[in-house]
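Computed from a prediction, not measured in an experiment: that's the story for all the values here. Note on naming: letters A, B, ... go to the chains in the order of the sequence lines (proteins, then strands), and numbering restarts at 1 for each one.
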Number of protein chains: 2
Amino acid sequence: MNKVFKALSDPTRRHVLQLLRDKPMSAGELAEHFAVSKPTMSAHFAVLREADLVDATKDGKSVIYRLRLSVLEDALLAFTGAIGLELKPDETHTNNKETHND
Amino acid sequence: MNKVFKALSDPTRRHVLQLLRDKPMSAGELAEHFAVSKPTMSAHFAVLREADLVDATKDGKSVIYRLRLSVLEDALLAFTGAIGLELKPDETHTNNKETHND
DNA sequence: TAGATAATTAGCTAATCATCTAAATGATGT
DNA sequence: ACATCATTTAGATGATTAGCTAATTATCTA
């Protein structure tokens, strides 16, 4: 979980996850979206892999990255759970600050 | 939002937020829970303040920190929204991977 | 087998970070 | 005014990080 939060602390890496939300993409394809060098992107991918937020599979010359949504979900849930924060996607927010105490 | 995620990338700071979930606490009271020096904790508090995750008010000799839950909520919501991840606290998870596309 | 292409590793630098001790600030109480 | 207590600031250090270019590895194709 610590690795997940470390991985999420960089905006480039968060953006990579966002791109991966739609479909799996190759390293090069992902890299095209950013203004940094390929090796720099490769390092970011390594951090995401290390956190298990993405899955890498080799396909010929390319490496295809896939988002591991459940890992992200679990980490976020563990954290929001520990804080006592219920994250409703919509619903103009319910005050559940003390709910855990009842 | 970037500052929020940067702030969350350190386990000590996440733990501070967790302690603050129950009640506002002074810097010293918070510091007691950790094995690092007061100045180190003070630096962590500054990062949390900078990210607006906590609110600091002076009360006599002490500084009382309060969790700003809504800021955390907003950042997390912005991110999960961008990823297309719906975070349900319980409910053994619904597969909503492609939901955004319909 | 060469050459081209995709990605990673190696090696470096500059910046940021977490940590420490010592000193400064600020408020309270004698 | 002075001592004390709570916290922050200053200043230093070692570790980690994000970035780069150049070199390497792996795969494909002519």
> Is any side-chain N or O of A:Tyr65 closer than 4.0 Å to OP1 or OP2 of C:dT8?
Replying inline: yes
>> Quick check: do A:Val4 and A:Asp74 have side-chain heavy atoms less than 4.5 Å from each other?
In response: no
>> Has B:Arg13 got a side-chain atom pairing as donor or acceptor with B:Lys6's backbone, closer than 3.5 angstrom?
In response: yes
> Once the angle between the rings of A:Tyr65 and A:Phe45 is folded into 0 to 90°, is it parallel (under 30°), tilted (30 to 60°) or perpendicular (over 60°)?
Replying inline: tilted
> Do the side-chain N or O atoms of B:Ser26 get closer than 4.0 angstrom to the phosphate oxygens (OP1, OP2) of D:dT7?
Replying inline: yes
> Would a distance-only check, ignoring hydrogens and angles, find a side-chain to backbone donor-acceptor pair under 3.5 Å from B:Arg14 to B:Leu8?
Replying inline: yes
>> So, does B:Arg49 get its side chain near the phosphate of D:dT7, meaning an N or O under 4.0 Å from OP1 or OP2?
In response: no
>> Is there a side-chain contact between B:Met41 and B:Thr12 in this structure, where contact means two heavy atoms from C-beta onward sitting under 4.5 Å apart?
In response: yes
> Between C:dT5 atom P and A:Glu32 atom CD, what is the distance in whole Å?
Replying inline: 14 Å
>> Can you measure A:Phe34 atom CZ to D:dG19 atom P for me and round it to whole angstrom units?
In response: 10 Å
>> Measuring only between side-chain heavy atoms, which start at C-beta, is B:Leu87 closer than 4.5 Å to B:Leu76?
In response: no
> So, do A:Leu19 and A:His15 sit near enough that their side-chain heavy atoms are less than 4.5 Å apart?
Replying inline: yes
>> Per the salt bridge (Lys or Arg N to Asp or Glu O under 4.0 Å) rule, what does the pair list look like for residues 41-53 of chain A, sequence neighbours excluded?
In response: A:Lys3-A:Glu50, A:Asp52-A:Arg68
> Rounding to a whole Å, what distance do you find between B:Met41:CE and D:dT9:P?
Replying inline: 15 Å
>> Determine whether the aromatic ring centres of residues A:Phe34 and A:His44 are separated by less than 6.0 angstrom.
In response: no
> Reading nucleotides 12-28 of chain C from the 5' end, what letters show protein touch, with B for base, S for backbone sugar-phosphate only, - for no heavy atom under 4.0 Å?
Replying inline: ------SBBBB---SSS
>> Nearest whole Å is fine: how far is C:dA6 C1' from A:Phe45 CZ?
In response: 12 Å
> When the distance from CG of A:Leu8 to P of D:dT17 is rounded to whole Å, what number comes out?
Replying inline: 14 Å
>> What does the 5'-to-3' dot-bracket notation of DNA chain D look like when only Watson-Crick and G-U wobble pairs under 3.5 Å count, and pairs to other strands show as |?
In response: ||||||||||||||||||||||||||||||
>> Whole angstroms only, please: what is the CD-P distance between B:Glu50 and D:dT8?
In response: 14 Å
